[in-house]
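To start, the structure itself, in structure tokens.
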There are 2 protein chains.
Amino acid sequence: MKEIEKRLTENGVRPTAMRILIYKYLAEKDAAISLTDIETAFAKAERTTLYRTLRTFEEKKIVHQIDDGTGIQKYALCEPGCDCSLEQDLHLHFHCNNCDETVCLTEHKIPHINLPDGYVTEDANLVLKGICEKCSGQ
Amino acid sequence: MKEIEKRLTENGVRPTAMRILIYKYLAEKDAAISLTDIETAFAKAERTTLYRTLRTFEEKKIVHQIDDGTGIQKYALCEPGCDCSLEQDLHLHFHCNNCDETVCLTEHKIPHINLPDGYVTEDANLVLKGICEKCSGQ
DNA sequence: TCAATAAATGCACTTCCGTTGCATCGTCTT
DNA sequence: AAGACGATGCAACGGAAGTGCATTTATTGA
Ligand SMILES: [Mn+2]
Ligand SMILES: [Mn+2]
Ligand SMILES: [Zn+2]
Ligand SMILES: [Zn+2]
């Protein structure tokens, strides 16, 4: 548990009880998590606190935000040492049309694309949708 | 103008006055359009009508929806003969962080990605963000 | 140790956008 | 002309993100 406190502190986030709980929750899930997910998991907690915790985690590069096309913002823990604002750390995400879960495929980086002159690329988002390995039954 | 009526009819959409206007509006813009954009352009028209027009256009493959990561749904005319539900017609989109416009790069297809066993890909979305050619000043 | 200060949390409220239900109106068919 | 069906208008709803401000909790340093 000291692990988590250390991780938070190193990233400039004070390790409050709630934050540690949320971190743990994110760590034990292999799918990306929405604010509503967390709200459901911690029914007694304040929505705003959860909201701001996720925002803080994102600012401090503890989690990265995922836009999977559902219109709902999701979050997942960053790999240690990952800086998701750098092109080399941008990976693709997979959204399952069956179970509605979104997962990070951190080993699959977003391929570099050459654009016509005049275009300057600063960021990229690649989401594949279909059936995940759990749901395809193999 | 008969052109537009023909296009709509061919796709199974009855060419009402409003629909023709909206089609023209989409045709003269080179950027993707949001419902709010259209609402502003046709201030006297009913929001719901515009909304349903876009939905109908999408169902009938006259436009495709674009998720550019802003959280706002955008639409752009499909190329003639394009079926955006097919992998081969999936192209990438570019969102400018400066002018906030999103454009189709129809000549840039989304590269095929090989996923681990068990994953079945049905759809893909690739959005690049940065500075567009207009804004980069060359 | 205690007061001053800063950060985190709780509560209420707002805004934005997408969406739906239902009544009305217009158009096409027979 | 009557009936059927599709399009439009109006009103309201719902989810999710976001903000302002009061209150509580933690940190600092006198
Ligand atoms: Mn990820
Ligand atoms: Mn497009
Ligand atoms: Zn699944
Ligand atoms: Zn631009």
Practice prompt. Inspect the contact between Lys129(B) and Glu122(A) and indicate whether a charged nitrogen and a carboxylate oxygen are less than 4.0 angstrom apart.
Written response: no
Worksheet item: Separation of Ile20(B) atom CD1 from dT8(D) atom P, in whole Å?
Response: 11 Å
Worksheet item: Less than 4.0 Å between a side-chain N and a carboxylate O, is that true for Arg7(B) and Glu10(B)?
Response: no
Worksheet entry | Separation of atom NZ in Lys60(B) from atom C1' in dA7(D), rounded to whole Å | 13 Å
Worksheet item: What nucleotide among dA8(C), dT8(D), dT20(C) has an atom nearest to a side-chain atom of Arg19(A)?
Response: dA8(C)
Worksheet entry | dG10(C) base / Arg52(A) side chain donor-acceptor hit below 3.5 Å | yes
Worksheet item: Could you walk me through whether His93(A) and His108(A) pass the side-chain hydrogen bond (donor to acceptor under 3.5 Å, both in side chains) check?
Response: CA-CA 9 Å; His93(A) 294 103; His108(A) 288 77; over 6 Å; no
Worksheet item: For Asp67(A) and dA16(D), what is the distance between atoms CG and C1' respectively, to the nearest whole Å?
Response: 14 Å
Worksheet item: What integer distance in Å separates Leu54(B):CG from dG18(C):P?
Response: 9 Å
Practice prompt. Answer with yes or no whether the side chains of Thr102(B) and His95(B) bring together a donor and an acceptor at under 3.5 Å.
Written response: yes
Fill in: Exercise: do Thr40(B) and Asp37(B) side chains pair donor with acceptor under 3.5 Å
no
Worksheet item: Gln65(B) CD to dC17(C) P: how many Å, rounded?
Response: 15 Å
Practice prompt. Please work out which residues in residues 29-50 of chain A have a non-hydrogen atom less than 4.0 Å from an atom of DNA chain C and list them by number.
Written response: Glu46(A), Thr48(A), Thr49(A)
Worksheet item: Using 4.0 Å as the upper bound for N to carboxylate O, is an ion pair formed by Asp89(A) and Lys61(A)?
Response: no
Item to complete: Please state how far atom CG in Asp68(B) lies from atom P in dC17(C), giving the value in whole angstrom units.
Response: 12 Å
Discussion item. Whether Arg55(B) contacts dT8(D) is assessed here as follows: a side-chain N or O lying under 4.0 Å from the phosphate OP1 or OP2. Is that the case?
Written reply: no
Item to complete: Grab the CD1-P distance between Ile72(A) and dA16(D) for me, whole Å please.
Response: 5 Å
Worksheet item: Counting just side-chain N and O atoms, does Arg14(B) come under 4.0 Å of either OP1 or OP2 of dT8(D)?
Response: no
Worksheet entry | Rounded distance in Å - OH (Tyr51(B)) to P (dC16(C)) | 19 Å
Discussion item. I want to know whether Tyr119(A) and Phe94(B) have ring centres closer than 6.0 Å.
Written reply: yes
